[in-house]
Amino acid sequence: MWCANDWADADVALHHLEREFFAAGAPDVAPLVLNKLFVVGECIGRVTEVEAYTRDDPASHSFRGRTNRNSVMFGEAGHLYVYFTYGLHHCANIVTGHAGDGQAVLIRAVEPLVGTEQMIRRRGRGTNIADGPGKLCQAFGIDIDLNGFDLCSGLRACILDDGHAPPEVPIVTKRVGIRVATDRLWRWSVRH
DNA sequence: AGAGTGATGGGCT
DNA sequence: GCCCATCACTCTT
């Protein structure tokens with residue numbers, strides 16, 4: 001189990017993001033997740049790119065209502081919605097809003113900070129380790145077994161705030177990899 | 001620009 | 001039930 005004492009700079013104050021943080025709408029929550037720490041097991045990365053998906057959004061899995069696959073999106077905020085796609089990749093989302101809303105924030109990229117060696121081993125390469133939604137799931141060992149995991153329940157998988165504020169001026173662009181509702185500016189990333 | 005990969009769900013019969 | 005287009009992707013050419 002990772003603990004705060006393992007953090008390279010013992011002076012940083014860490015706090016665990018609580019459920020209330022995720023209770024707003026996905027387009028409001030998403031940019032606030034930038035620069036937070038995404039923790040899964042012993043792997044930690046700083047979130048650098050996110051997208052929002054909502055119920056009234058034709059690009060969202062929840063658009064056509066609740067199904068077995070997307071049921072976690074309709075549950076309590078702060079849980080992880082993981083799905084398998086394109087026959088090979090997993091993607092990780094944070095459920096937002098209130099139960100029944102059907103919305104989530106897709107974590108698209110992180111900067112590896114802790115557990116980098118394991119990420120490289122899992123990815124089978126030393127570059128571009130976690131700069132894509134499928135890549136970061138492979139690097140962090142996220143698969144369908146983590147679907148529904150409560151990120152507000154402990155340190156095994158969670159979002160931590162180490163005092164790095166979200167960027168004052170994030171890069172805001174159209175979402176990528178979708179074929180509908182491509183006009184919504186619901187992708188946020190940090191400058192390099 | 002395209003191949004690889006497999007679960008999902010909508011539309012049928 | 002079955003068929004099959006679709007898919008919030010990655011890597012290589």
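Since the structure is predicted, the reported quantities are computational estimates derived from the model, not experimental observations. In the text below, chain A, chain B and the rest are named by the order of the sequence lines, each starting its count at 1.
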Worksheet entry | D131(A)/R123(A) under salt bridge (Lys or Arg N to Asp or Glu O under 4.0 Å): CA gap, chis, key distance, verdict | CA-CA 12 Å; D131(A) 58 343; R123(A) 290 275 296 135; 5.3 Å; no
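H16(A) places a side-chain N or O within 3.5 Å of a backbone atom of G154(A) that can act as its donor or acceptor partner.
Note on F22(A): it clusters hydrophobically with L34(A), by side-chain heavy-atom contacts below 4.5 Å among ILVMFWY residues. Hydrophobic clustering, with ILVMFWY side chains joined whenever heavy atoms are under 4.5 angstrom apart, groups I107(A) together with V190(A).
dT5(B) atom P lies 15 Å from atom NE2 of H90(A), rounded to whole Å. Rounded to whole Å, atom P of dG9(B) lies 13 Å from atom OH of Y83(A). Going from atom CG of L88(A) over to atom P of dA7(B) covers 12 Å, rounded to whole Å. Atom-to-atom, CZ of R64(A) to C1' of dG10(B) comes out at 8 Å; the value is rounded to the nearest Å. Straight-line distance from the CG atom of N147(A) to the P atom of dA7(B): 15 Å, rounded to whole Å. The nearest whole Å value for the distance from the NE2 atom in H61(A) to the C1' atom in dG10(B) is 15 Å.
The stretch residues 116-141 of chain A does not touch DNA chain B, since none of its heavy atoms comes less than 4.0 Å from the strand.
Mapping heavy-atom proximity under 4.0 Å, the span of DNA chain C touched by chain A runs 5' to 3' from dC7(C) to dT12(C).
Between K36(A) and L160(A) the shortest side-chain heavy-atom distance does not fall below 4.5 Å. At a threshold of 4.5 Å between non-hydrogen side-chain atoms, the residues F149(A) and V82(A) do not count as touching.
In this structure, F84(A) and H90(A) have tilted ring planes: the angle between them lies in the 30° to 60° band.
Nucleic acid contact for R179(A): sugar-phosphate only, since backbone atoms but no base atoms lie under 4.0 Å from a heavy atom of the residue.
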Item to complete: Treat a base pair as Watson-Crick or G-U wobble with both distances under 3.5 Å, then lay out DNA chain B in dot-bracket form, 5' to 3', with | for cross-strand pairs.
Response: ||||.|||||||.
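For the residue pair T173(A)/R187(A), the side-chain donor-acceptor check at 3.5 Å is satisfied.
The two residues S60(A) and M73(A) come nearest to each other via the heavy atoms OG-CE, 3.6 Å. Of all heavy-atom pairs spanning T116(A) and P112(A), the tightest one is OG1-CB, 4.1 Å.
Here the rule is side-chain contact (heavy atoms from CB on, under 4.5 Å) with P58(A), and of R184(A), R64(A), R179(A) only R184(A) fits it.
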